[in-house]
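Encoded as structure tokens, the structure appears first; notes follow it.
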Amino acid sequence: MSIATDQPMATTMANTSAPVPNSIPPNHTLYVNNLNAKIKKQQLRKSLYNLFVSYGRIHAVVAMKGVKMRGQAFIVFDDIQNATSALRSLQSLMFYGKPMRLSYAKRDSDAIRNSKEQIAEKTAALAAMSQPEPKPRKEKPRIPPPPSQPPPDRTVHEQHIAMMNSEEVNRAANAVAMAEAELQELPLRDRTRRIQSIIAAQTTMIGTAVPMMTEVQSNSTLFVTNLPPETTKDALEMLFRQFSGYLDVRLVPGREGIAFIDFDNDAGAASARDALNGFKISATNAISIVHFFLSIAYPMNTLESQNNRQSEELAAKVSRLKHIAFDIENETKEHNRFLENMRFDMSTARSFLGGSTRHLSNVMSSGRGDRRAMCYIAGAIILAFLFLYYVVSSFRTK
DNA sequence: AGCACA
């Protein structure tokens, strides 16, 4: 399938370990040159971000259009180690048709300089205030050692909990939280990749799984395809109204063969889907029903992980998360298959969203002020829109 | 090739 993205084809990885002779010491910021100067600044920044962010949190991507600065960019990492691993793995990567050249920046980026200053100020202030100087610890071990008097038989759970409360896990959880915000802005397909790389990165970073909770948000609208052209709204109504929470059938004016079925709850939609997917609505047509799912992963509150039972579930949660990531991918592919055969335009996308937006206005006007529900619905609408827009634009630019 | 950020 041909998908248009703003991502350049990342073809040959000519990386290996051939570090360019490099006199510049490691830096938070990578200097990139030999970039394709034809790419527009915004897109370039976005693509660079998407490429480099797998190696760690990125503070900024700077690219400039001027004669002197074209073809170059700066990637500001929060962490030097991450900058280093990006430098090593992406060196000479074909990017928009040209092998990019990476080195450390000669000077610190302003943002880094500032935060270094702030840290220096704080430690100076601390030193001035406190008379017993804090012992300068050297090189913190990956997993904090047990307290000086290790209780003879710490249970596995207790060790686990101690680790969960470690600074490293907190940082990892933080990284995941940042990533979550970023995920919201990515099309579904890219979210899968990001979720996987976040898990991988955090897992290697702390040597164990980050405690994550996942929330699968289903959607109370079903997408039905392969309907015979003469299908009427009444016929579909007959079929679907037996399921609890049924609200409405929406045919798409000007488009044969598809329909949207709204429910007032996810579970009703799911049970209708399970019952009717593949249903032979006529001698020749077995209908196919797609239920769009959205999922969000977020770090578990590390305080909550003090609870033993929850800490037992961590591993299971993470593996479930991985499965969900794969599921999203599969579903996305499946959707694309459906949609590739159709002229799926914006009015169709809007029609799909019609139900959701109505739910939103219902919630808003009900005056119950359920913030949480509103956020979810609004978020789901945005994600759904992004996904649909992505699908639509992939036809446009074919 | 070219090292900036307001």
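Numbered from 1 within each chain, the chains take letters A, B, ... in sequence-line order.
A search for side chain to side chain contact (heavy atoms under 4.5 Å, CB included) contacts involving Ala272(A) returns Leu222(A), Phe240(A), Phe243(A), Phe263(A), not counting sequence neighbours. The salt bridge (charged side-chain N to carboxylate O under 4.0 Å, His left out) check on Asp108(A) picks up Lys116(A), with sequence neighbours excluded. Here Asn114(A) pairs with nothing under the side chain to side chain donor-acceptor pair (under 3.5 Å) rule; sequence neighbours left out.
Counting Ile, Leu, Val, Met, Phe, Trp and Tyr side chains that sit under 4.5 Å apart, directly or through other members, Val67(A) stands alone, with no cluster partners. The other members of the hydrophobic cluster of Val62(A), by chain and number, are Tyr31(A), Met64(A), Met69(A), Phe74(A) (side-chain heavy atoms under 4.5 Å, ILVMFWY only).
Taking 4.0 Å as the cutoff to heavy atoms of chain A, we find the contact window on DNA chain B bounded by dG2(B) to dC5(B).
Within the nucleic acid shown, Asp108(A) comes within 4.0 Å of at least one base atom, counting heavy atoms only.
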